[in-house]
Each structure stands twice: as structure tokens, then as C-alpha cells.
Amino acid sequence: MPESHDFFVATDPETARAQVRDALTREGYAVEDAEQGALRATRGSLGLTLLIGGLANARTFHTRLDVQIMVTPDGRTVARLLRGSGKSALKGGALGVSKGNRAFEEAANAIHSTFVQAGVLTDSFAS
């Protein structure tokens with residue numbers, strides 16, 4: 001499973017940040033500003049996840065994602081979705097890993113769709 005997903009977009013960093021924030025909010029994440037213009041998105045309950053682990057449903061299983069917004073030397077805006085800290089295996093074993101993978105994939109798909117609908121996505125790849 002990839003650890004990050006880069007979205008190259010034909011828009012300014014502030015617009016890209018707002019579009020990512022909207023996409024993740026629609027997926028049920030609480031999104032807050034982080035250092036250097038990044039975003040931190042969390043969903044679910046850490047306490048409940050630690051208590052019942054992988055048995056938590058998709059919306060209550062604690063997930064954290066980070067998004068860095070950058071500009072390449074050639075002037076393209078990049079939104080990089082990263083898996084957040086807090087390993088899923090520690091929060092639910094194999095079921096936790098599966099839920100963490102699914103949450104990352106769903107978030108990447110939501111961001112991808114948002115950029116496509118806005119007509120600004122120029123490239124996208126996972127790494």
C-alpha cells in the first residue's frame with residue numbers, strides 16, 4: 001500500500017488547499033491547518049479505537065492523514081496526501097491495517113474526484 005499520493009493541479013496553492021479541505025470534510029474528517037501551510041485531517045475516536053481496535057467501524061476507527069501543499073520549481077501546485085502518524089496495526093491488528101488502508105484509499109479517491117470535477121487535475125500518482 002502506498003504511503004503517499006501526489007496530485008498535480010493547475011491552480012494556486014490556496015485554491016488546492018481549500019479543495020482538499022472540502023474533499024476530506026465530505027469524507028467525515030475534521031481538517032485543521034498545520035505547519036507550513038499543510039493540513040491535518042482526523043476522523044474517528046482514538047480512545048474507542050484503542051479500546052475495541054479493528055472492530056470499530058470505518059467512521060469511528062481513528063485515522064489521521066496529512067496533506068502538504070507545495071509548488072514545484074516549474075510552478076505546478078502539488079497536494080501530497082500522506083498517511084498520518086499512529087500505525088493502524090497498533091490500533092487493531094490486521095483489521096486495523098485493512099481499515100487504515102481503506103481510509104487512505106478513500107481519501108485519495110475523494111481528493112482525486114474533487115480535482116477532476118474542478119477541471120484542475122493534471123497528474124496523479126501513488127508512491
Side-chain angles (χ1 to χ4, degrees):
M1 188 69 179
E3 292 297 315
S4 67
H5 197 115
D6 289 350
F7 301 91
F8 291 81
V9 293
T11 191
D12 63 277
E14 287 306 313
T15 300
R17 183 177 291 106
Q19 290 170 327
V20 169
R21 182 186 302 274
D22 289 345
L24 293 175
T25 299
R26 284 192 305 275
E27 289 294 305
Y29 287 89
V31 183
E32 58 189 39
D33 294 328
E35 299 163 1
Q36 299 179 344
L39 297 171
R40 180 174 304 116
T42 56
R43 180 173 76 183
S45 166
L46 180 57
L48 184 60
T49 300
L50 292 174
L51 181 65
I52 64 174
L55 298 177
N57 70 39
R59 294 294 172 142
T60 58
F61 184 82
H62 183 263
T63 304
R64 175 177 159 192
L65 302 170
D66 296 305
V67 181
Q68 298 171 339
I69 307 292
M70 305 165 282
V71 178
T72 64
D74 63 355
R76 295 188 300 164
T77 301
V78 181
R80 176 173 290 159
L81 176 66
L82 299 161
R83 291 176 183 272
S85 63
K87 300 297 182 192
S88 298
L90 299 176
K91 297 188 281 186
L95 286 174
V97 170
S98 176
K99 288 180 187 292
N101 289 345
R102 189 174 314 116
F104 181 81
E105 185 178 316
E106 289 170 351
N109 289 340
I111 293 168
H112 186 274
S113 294
T114 296
F115 285 145
V116 166
Q117 290 174 359
V120 298
L121 184 69
T122 60
D123 198 7
S124 168
F125 63 89
S127 55

Results of side chain to side chain contact (heavy atoms under 4.5 Å, CB included) for Val78 - residues two or more places apart only
Asp6, Phe8, Met70, Thr72

Might you work through the side chain to side chain contact (heavy atoms under 4.5 Å, CB included) test for Thr63 and Phe104, ending with a clear yes or no?
CA-CA 9 Å; Thr63 304; Phe104 181 81; over 6 Å; no

Begin from the C-alpha positions of Thr11 and Gln19 and carry the test side chain to side chain contact (heavy atoms under 4.5 Å, CB included) through to its verdict.
CA-CA 10 Å; Thr11 191; Gln19 290 170 327; 4.1 Å; yes

Partner set under salt bridge (Lys or Arg N to Asp or Glu O under 4.0 Å) for Glu106, not counting sequence neighbours:
none

If the condition is side-chain hydrogen bond (donor to acceptor under 3.5 Å, both in side chains), which residues does Arg21 pass it with, not counting sequence neighbours?
Asp33

I would like to know whether Val31 and Val67 meet side chain to side chain contact (heavy atoms under 4.5 Å, CB included); could you show each step before the answer?
CA-CA 10 Å; Val31 183; Val67 181; over 6 Å; no

Any side-chain heavy-atom pair of Leu24 and Leu39 under 4.5 Å:
no

Specify the closest pair of heavy atoms between Gly100 and Arg83, including all atoms of both residues, with the distance to one decimal.
O-NH1, 3.8 Å

All side-chain hydrogen bond (donor to acceptor under 3.5 Å, both in side chains) counterparts of Asp12, not counting sequence neighbours
Thr15

Thr122 side chain near Phe115 side chain, heavy-atom distance below 4.5 Å:
no

For the pair Asp22 and Thr114, evaluate side chain to side chain contact (heavy atoms under 4.5 Å, CB included) and give the outcome as yes or no after the intermediate values.
CA-CA 8 Å; Asp22 289 345; Thr114 296; 5.6 Å; no

Got Phe7 and Thr77 here, is their nearest side-chain heavy-atom distance under 4.5 Å?
no

Could you see if Val71 belongs to whatever hydrophobic cluster contains Ile111? Use Ile, Leu, Val, Met, Phe, Trp, Tyr and a side-chain cutoff under 4.5 Å.
no

Residues in salt bridge (Lys or Arg N to Asp or Glu O under 4.0 Å) with Arg102, at least two apart?
none

By the side chain to side chain donor-acceptor pair (under 3.5 Å) test, which pairs, at least two apart or in different chains, include something from residues 35-45?
Glu32-Arg40

